[in-house]
Amino acid sequence: MSREELRALPTTTTIEVAARALGLGRTRAYELAKRGSFPCKVIRIGTSYRVVTADLQRLLSEQQTSSTETTDTGAASASRSVWLP
């Protein structure tokens, strides 16, 4: 998911969109949400889950910053990381 796509998201988004941005599969994302372990704030409305976009953007920004810092210090380039509990 590009930065432009992330910026264009509404205040909350579906768990599927958040999962795609984090590199998670749909099933894994729902498992994490049901356990309360999803890495971003999740709001449950009836049977659906909504992810707070600001939290998703913050998490991705932190991952990018951490990856950039690793690369800048001369360490091995970090592959795309995904947060998993």
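Here the structure is a predicted model, which is why all the values come from computation and not from measurement. All values below were derived from every heavy atom in this structure, side-chain atoms included, with hydrogens, water molecules and symmetry-related copies excluded. For the single chain, residues carry numbers from 1 onward in sequence order.
Judged by distance alone, the side chain of E16 and the main-chain N or O of R26 form no donor-acceptor pair under 3.5 Å. A distance-only check finds no donor-acceptor pair linking the side chain of E62 to the backbone of L59 [under 3.5 Å].
Among all heavy-atom pairs drawn from T13 and L9, the shortest one is OG1-CD2, 4.0 Å. Here the shortest heavy-atom pairing between F38 and A18 reads CZ-CB, 4.0 Å. For the pair I15 and A33, the tightest heavy-atom approach, listed with the atom from each and the gap, is CD1-CB, 3.4 Å. Closest approach of A19 and G25 over heavy atoms only: CB-O, 4.1 Å.
Under the side-chain hydrogen bond (donor to acceptor under 3.5 Å, both in side chains) criterion, the residue pairs touching residues 39-53 are T12-R50, with sequence neighbours excluded.
Considering only heavy atoms from C-beta on, L60 comes within 4.5 Å of L22 through its side chain. Two residues are said to be in side-chain contact when any heavy atoms from C-beta on lie closer than 4.5 Å; C40 and V52 fail this criterion. Side-chain contact check for L24 versus L32: some heavy-atom pair is nearer than 4.5 Å.
Looking at R28 and E31, a side-chain N of the basic residue comes within less than 4.0 Å of a carboxylate O on the acidic one, giving a salt bridge.
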Using side-chain contact (heavy atoms from CB on, under 4.5 Å), reason through V51 and T14 one step at a time and then give a plain yes or no. CA-CA 6 Å; V51 175; T14 65; over 6 Å; no
